[in-house]
A.B. asks: 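Can you keep this structure in mind? I'll have questions shortly.
Sequence lines set the chain letters: A, B, ... in the order given, protein chains first and strands last, and positions in each chain run from 1.
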There are 2 protein chains.
Amino acid sequence: MARRTTIYDVAREAGVSIATVSRVFNSLPRVDEETRHRVLQAASSLGYAPSIVARTLTGKQSRTLALLVPDVRNPYFPEVTLAVQRAVHAAGYSLLLLNAPGGAEQEEQYVAALRGRHVDALVVAGGSVHDTRNRPAWLDRYAMHRPIILINADLEPPASGPVARRWARVLVDEKAGAIKAVQHLVSLGHRRIAFLGGPAHLYPTVVKHQGYLEALTLGGIDPDPELQVFGEFSGTSGLEMATKLLSLPSDRRPTALLAANDMIAAGCLQAARDRGVLVPEQLSIVGFDDVFVNSLLWPPLTSVAQSYEEIGKAVVRLVGQMQMATSDGSDETEAADNTLRTTLVVRIDPTLQVRASTGPPPG
Amino acid sequence: MARRTTIYDVAREAGVSIATVSRVFNSLPRVDEETRHRVLQAASSLGYAPSIVARTLTGKQSRTLALLVPDVRNPYFPEVTLAVQRAVHAAGYSLLLLNAPGGAEQEEQYVAALRGRHVDALVVAGGSVHDTRNRPAWLDRYAMHRPIILINADLEPPASGPVARRWARVLVDEKAGAIKAVQHLVSLGHRRIAFLGGPAHLYPTVVKHQGYLEALTLGGIDPDPELQVFGEFSGTSGLEMATKLLSLPSDRRPTALLAANDMIAAGCLQAARDRGVLVPEQLSIVGFDDVFVNSLLWPPLTSVAQSYEEIGKAVVRLVGQMQMATSDGSDETEAADNTLRTTLVVRIDPTLQVRASTGPPPG
DNA sequence: TTGTAGGCGTTATCAA
DNA sequence: TTGATAACGCCTACAA
């Protein structure tokens, strides 16, 4: 491995001290224009790039984030992974990727492996943080030391004080999304609208379900328990749930399905096709997340879309804020803490992408 | 941010020098069992973990790899990303993820951002390395300094010598895979087998196409130019290509389709359904890559499957080998170079996953 | 078996 | 405006 060119090499080449080179590369003030030029010259001729590793060691940020997901193969996560990676790189950070399909234990294990790596923050995009039954213990432990960002998991920081200052959230208002979806269906004339959720104990299911109920009530429709089913966030589960719903006697059968994600929705399409039910003529289907692979489906799904780009940007913004709040010795008064608490949560409003899978009910 | 506990803290707590602590954590020989115990004790009570950053600075590996893909949202890449990440973590490495959908320029840009990060190796899983028309220039430049691993891109190292020692490949024998697929179809009785490729200038398309032609010849079937079409590696493209093929007059129409990846194959399913063609009764379809989201499709695709796990393991093995060859001052003779050249390419044999999308031809 | 001290590439604090 | 020099946390001869 050809030896890495160092700040010393550049200093020698430019005929200055390493301190000066450092100043140039950190664009600090008081350095002569002519000198700066000479340094830059030398640096580029030598192909010099400062070592982030050494820089980190002096106590600065590592400019590295870690992103924890349960499984990148699940179409939702590539979306957020891509978006976060992009935003993060645009801000000069790098992104470590962690897949922990094995639940809280594995998450903890992976996160532990991060310990010597000086990551500036951990971004958690899913997994056991979504479980409404028990809060993963490792989360709070981790936040005692380093900043954390939760995507779409509304867990409160365990206390105020230092850890509250390292606990940020970006929340997509999926309840509002569900409401928009239902209202769209209602406005098309649907009255029998079913909800097909993921596991009932997962936060994303719960919120969407709430929105569904609320919107029905708003629309003057009585929620029918028979039309609310729960399963997995998968295509096969969607297939099963939809099949069950579609085999109800015609007067109790739904004319529209609101699926808690696009994989479930894809399963619904499947089920409809299997039973010769035309979409959207005889059945409308709405999905959630508006993921990339929707391009594989026909008809393309109407889906509640969140701006992944916004999520990515929110992440880097939050990281920045937390770094400020922790490093620059800004006043740690209660007042400051309180403003932080509010500013450390970013809310994102989803929009409804209307496509070909929805239309007026039959008849 | 609570100050990180250092080797000094542990040393003090255990009443030894930092050198001893270091020895313990690097499991070096000659350290008294009792001392070792005391150190470990102190370390765990303090929650100490060695700083990989500082360690890296002393000239050792950073135990960090970078993985470059064009777009994680494309179902093939999550598979390799997941597998590589797993294998890599199991070996104590971390993985930086880079998405460069923007072609060679963006790839180069992203890779440049890696410069100060001391990554041990760059793993390239796709992108402009697949373009058979021109070899990305940044690749060779990069390999002049740091080790590189190509997944499924058969680019030779530019020369022997140092850079050859940093140029590894893991190659899935997709030609053999295509042959297996065709032979499967032939053995079912198919004679009119179509090939639906991605872009004709991409390596994956080329190899699979070669296998297709070879297998036909082997089976005593004359390749029909009309049955060989090229498009994109996407569902919509697959839909278009398949639609064209299925609208051929019945005597020239294929009874089986070999798609160059599963997204194309998904498009084929689509096309068949649109035209009321039953799969597999009237049309057999084979895909490539056997990706996760196949679970969304019906019928499940027969597909040429590669062991992603093997790919991941190969990657860490290769990284290890390259580190040996570069660091331990092993003899850099021509002979050593030659053995390295052969050992730095791992070949993986795909298998055919037979599922419900293939069957005997009609009639 | 254990400790001392120099070095890894930067940044930051003082002087000059 | 610039240059010495001490950290940063760890590894590694070399001594003891």
A.B. asks: Measure the CG-CG distance between A:Leu95 and A:Leu65 for me, rounded to the nearest 0.5 Å.
C.D. replies: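 It comes to 6.5 Å.
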A.B. asks: Counting only side-chain N and O atoms of B:Ser17, is one of them less than 4.0 Å from OP1 or OP2 of C:dT2?
C.D. replies: no
A.B. asks: To the nearest angstrom, how far is A:Arg30 atom CZ from C:dC14 atom C1'?
C.D. replies: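 Taking CZ of A:Arg30 and C1' of C:dC14, I get 13 Å after rounding.
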A.B. asks: What's B:Val16 touching, base or sugar-phosphate or nothing? Going by heavy atoms closer than 4.0 Å.
C.D. replies: sugar-phosphate
A.B. asks: Mapping B:Val53 and B:Ala19 to their closest nucleotides on DNA chain D, which lands nearer the 5' end?
C.D. replies: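 Whichever sits nearer the 5' end wins; that is B:Val53.
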A.B. asks: Report which part of the nucleic acid A:Thr20 touches: base, sugar-phosphate, or nothing (heavy-atom distance under 4.0 Å, all strands).
C.D. replies: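 The residue A:Thr20 makes sugar-phosphate contact but no base contact.
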A.B. asks: Start at the 5' end of DNA chain C and walk down; is the nucleotide closest to A:Arg55 or to B:Arg36 reached first?
C.D. replies: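 Mapping each residue to its closest nucleotide by heavy atoms, the 5'-most match is B:Arg36.
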A.B. asks: So A:Tyr8, base contact, sugar-phosphate only, or nothing? Heavy-atom distance under 4.0 Å.
C.D. replies: base
A.B. asks: For A:Arg86, is the CZ atom crowded, meaning more than 12 foreign heavy atoms sit under 6.0 Å from it?
C.D. replies: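 Not buried by this count: 12 neighbours or fewer within 6.0 Å.
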A.B. asks: How close do A:Ser62 and A:Val119 get, heavy atom to heavy atom, and via which atoms?
C.D. replies: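 Heavy atoms only, the tightest pair is OG-CA, 3.8 Å.
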A.B. asks: Just how far, in rounded Å, is C1' of C:dC8 from CZ of A:Arg4?
C.D. replies: 11 Å
A.B. asks: So if I apply the side-chain hydrogen bond (donor to acceptor under 3.5 Å, both in side chains) rule between A:Ser128 and each of A:Glu107, A:Arg135, A:Glu108, A:Glu105, which one comes out positive?
C.D. replies: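 By the side-chain hydrogen bond (donor to acceptor under 3.5 Å, both in side chains) criterion, A:Ser128 pairs with just one of A:Glu107, A:Arg135, A:Glu108, A:Glu105: A:Glu107.
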A.B. asks: For B:Lys60 and C:dC8, is the shortest distance between a side-chain N/O and OP1 or OP2 below 4.0 Å?
C.D. replies: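 Answer no for this pair, as no side-chain N or O of B:Lys60 is under 4.0 Å from OP1 or OP2.
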A.B. asks: Rounded to the Å, how far apart are A:Ile18 CD1 and D:dC8 C1'?
C.D. replies: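 So the CD1-C1' distance, A:Ile18 to D:dC8, works out to 14 Å.
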A.B. asks: From CD1 of B:Ile52 over to P of D:dC10, roughly how many Å is that when rounded to an integer?
C.D. replies: 11 Å
A.B. asks: Which is true for A:Thr35 with a 4.0 Å heavy-atom rule: it touches a base, it touches only sugar-phosphate, or it touches nothing?
C.D. replies: sugar-phosphate
A.B. asks: Starting at the 5' end of DNA chain C, which residue's closest nucleotide do you reach first, A:Thr6 or B:Arg23?
C.D. replies: B:Arg23
A.B. asks: Starting at CG of B:Asn26 and ending at P of D:dT12, how long is that distance when rounded to a whole Å?
C.D. replies: 6 Å
A.B. asks: Tell me the interatomic distance from B:Leu57, atom CG, to D:dC11, atom P, rounded to whole angstroms.
C.D. replies: 11 Å
A.B. asks: Is a side-chain donor-acceptor pair under 3.5 Å present for B:Gln61 with B:Thr56?
C.D. replies: no
A.B. asks: Have a look at A:Ala49 and say if it touches a base, only the backbone sugar-phosphate, or nothing, with a 4.0 Å heavy-atom cut-off.
C.D. replies: sugar-phosphate
A.B. asks: Once you round it to whole Å, what is the distance between C1' of D:dG9 and NE2 of A:His118?
C.D. replies: 8 Å
A.B. asks: Using whole Å, what does the distance between atom P of nucleotide C:dG7 and atom CZ of A:Arg3 come to?
C.D. replies: 14 Å
